[in-house]
Protein chains: 2
Amino acid sequence: MKKDQSKRLQQQIDAINSLVLHQIKPSMQRIAIMDYLITHRTHPSADEIYEKLSIGMPTLSKTTVYNTLKLFASNGAAQMITIDEHQVNFDADTSTHAHFLCKQCGKIYDLSLPELATMPDMQKIEGHLVKEISYFYKGICKDCLAKGTKDSNTN
Amino acid sequence: MKKDQSKRLQQQIDAINSLVLHQIKPSMQRIAIMDYLITHRTHPSADEIYEKLSIGMPTLSKTTVYNTLKLFASNGAAQMITIDEHQVNFDADTSTHAHFLCKQCGKIYDLSLPELATMPDMQKIEGHLVKEISYFYKGICKDCLAKGTKDSNTN
DNA sequence: TTCATATTTGTAATGATTACATTTTTATAT
DNA sequence: ATATAAAAATGTAATCATTACAAATATGAA
């Protein structure tokens with residue numbers, strides 16, 4: 001229907017705006033990747049993005065996805081999340097917020113921790129110039145806790 | 001001299017104590033690895049530990065180092081630090097403290113952030129059970145700032 | 001000593017990420 | 001429009017940290 005199309009279009013525009021805002025020249029691939037990041041708030045990995053996008057964009061190269069995400073990160077258009085020791089994840093939300101990784105299902109959640117947000121960017125801590133901040137939490141997520149409650153919740 | 005020897009011995013004992021405290025049966029390799037972690041507060045990687053220890057312990061296997069560090073981490077005897085996207089680093093100090101990675105020299109610093117230490121372990125945040133907490137900061141360290149100040153410090 | 005179990009070892013995968021050379025696209029000047 | 005240079009994307013082949021796995025060794029109880 002018409003509404004879906006115009007919504008899609010608006011999303012594309014949002015992606016382009018974010019690129020331009022962060023001094024990144026838009027291209028088909030960059031728009032597609034940024035769009036994916038904005039519309040999928042699941043903190044995808046490079047490989048995940050590649051797998052999904054290459055369906056509708058068969059010529060897409062995995063190298064392009066890696067290069068583009070690295071570009072996004074260094075221009076502040078995306079956040080690189082190293083919460084999982086096995087792969088890097090990405091987040092289009094570059095505001096300082098915390099992440100929670102469920103050790104059981106592997107899902108990464110956003111956490112809003114208002115008391116931490118008070119720290120301004122680009123400040124010095126113990127003499128070091130801070131450019132990036134990450135708050136990572138790991139454990140068992142709400143959903144997995146609920147599932148596990150059935151019988152074994154002793155540990 | 002005598003003093004050095006007794007100091008070394010005390011360090012070994014500290015390593016063993018940490019293992020036993022965390023329900024890890026001591027072995028030559030485990031003691032050596034824990035001892036290395038305690039006496040080298042540089043947040044070494046598995047490979048770094050292997051390279052250094054294998055000099056005085058030629059039969060040591062890299063797999064053992066990896067397995068042992070994983071064991072330490074899951075028993076709370078060491079902290080796994082995923083601040084660097086290229087490799088995992090380890091810290092024998094399991095108290096909740098922050099880490100700072102210098103993007104220029106790659107060194108990892110400990111940061112004591114008193115206001116963050118207030119959060120007790122094992123609490124729930126937004127319904128998720130938190131078991132581990134990591135605070136990561138990245139930027140340019142004190143030393144690199146000092147070196148760089150000579151001429152180019154405009155950016 | 002003997003058996004069972006835990007630990008270590010060495011080698012061979014695995015798999016995410018990167019290097020690199022080639023091809024394609026884009027922008028600009030003619 | 002065309003030529004040309006620069007930027008971006010592509011595909012393949014490395015790299016390299018980490019893990020899987022099977023064999024060897026050490027440990028501890030019976």
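A note on names: the letters A, B, ... follow the listed sequences, proteins ahead of strands, and every chain is numbered from 1.
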### Summary
Result for side-chain hydrogen bond (donor to acceptor under 3.5 Å, both in side chains) between B:Asp14 and one of B:Gln10, B:Gln12, B:Gln11 points to B:Gln10
### Query
Please give, in whole Å, the distance from D:dA8 P to A:Phe72 CZ?
12 Å
### Query
Within the pair B:Lys25 and D:dG28, is there a side-chain N or O less than 4.0 Å away from OP1 or OP2?
no
### Query
Is there a donor-acceptor pair under 3.5 Å between the side chain of B:Thr82 and the backbone N or O of A:Glu85?
no
### Message
Strictly below 4.0 Å: does B:Lys70 bring a side-chain N or O up to OP1 or OP2 of D:dT19?
### Response
yes
### Task
Taking only the side-chain nitrogens and oxygens of B:His86, find out if one of them lies under 4.0 Å from OP1 or OP2 of C:dT18.
yes
### Query
Does B:Thr63 place a side-chain N or O at less than 4.0 Å from the phosphate oxygens OP1/OP2 of C:dG10?
no
### Task
Specify the separation, in whole Å, of atom NZ of B:Lys62 and atom P of D:dC16.
11 Å
### Query
More 5' along DNA chain D: B:Asn67 or B:Gln87, using each one's nearest nucleotide?
B:Gln87
#### Entry: Rounded distance in Å - OH (B:Tyr50) to P (D:dA17)
13 Å
#### Entry: Gap between atoms CD1 and P, on A:Ile24 and D:dA9 respectively (whole Å)
11 Å
### Message
Under 4.0 Å from OP1 or OP2 of C:dA16: is there any side-chain N or O of A:Ser45 that close?
### Response
no
### Message
What's B:Ser27 touching, base or sugar-phosphate or nothing? Going by heavy atoms closer than 4.0 Å.
### Response
sugar-phosphate
### Task
Determine whether the side chains of A:Asp91 and A:His97 contain a donor N or O and an acceptor N or O closer than 3.5 Å.
yes
### Passing candidate, ring pair (Phe, Tyr, Trp, His ring centres under 6.0 Å) with B:Phe136, options A:Phe136, A:Tyr135, A:Tyr137
A:Phe136
### Task
Return no unless some side-chain N or O of B:Gln29 is found under 4.0 Å from OP1 or OP2 of D:dA26.
no
### Message
Check the phosphate of D:dT18 against B:Tyr66, side-chain N and O only, distance under 4.0 Å to OP1 or OP2. Yes or no?
### Response
yes
### Message
Tell me whether A:His128 contacts the main-chain N or O of B:Lys142 through its side chain, where contact means a donor paired with an acceptor under 3.5 Å.
### Response
yes
### Query
Rounded to whole angstrom units, what separation is found between the CG atom of A:Asp47 and the P atom of C:dT14?
16 Å
### Query
What integer distance in Å separates A:Leu19:CG from C:dT26:P?
15 Å
### Query
For the pair made of CZ in B:Arg30 and C1' in D:dT27, what is the distance, rounded to whole Å?
12 Å
### Query
In whole Å, what is the span from the CD atom of B:Glu85 to the P atom of D:dC16?
15 Å
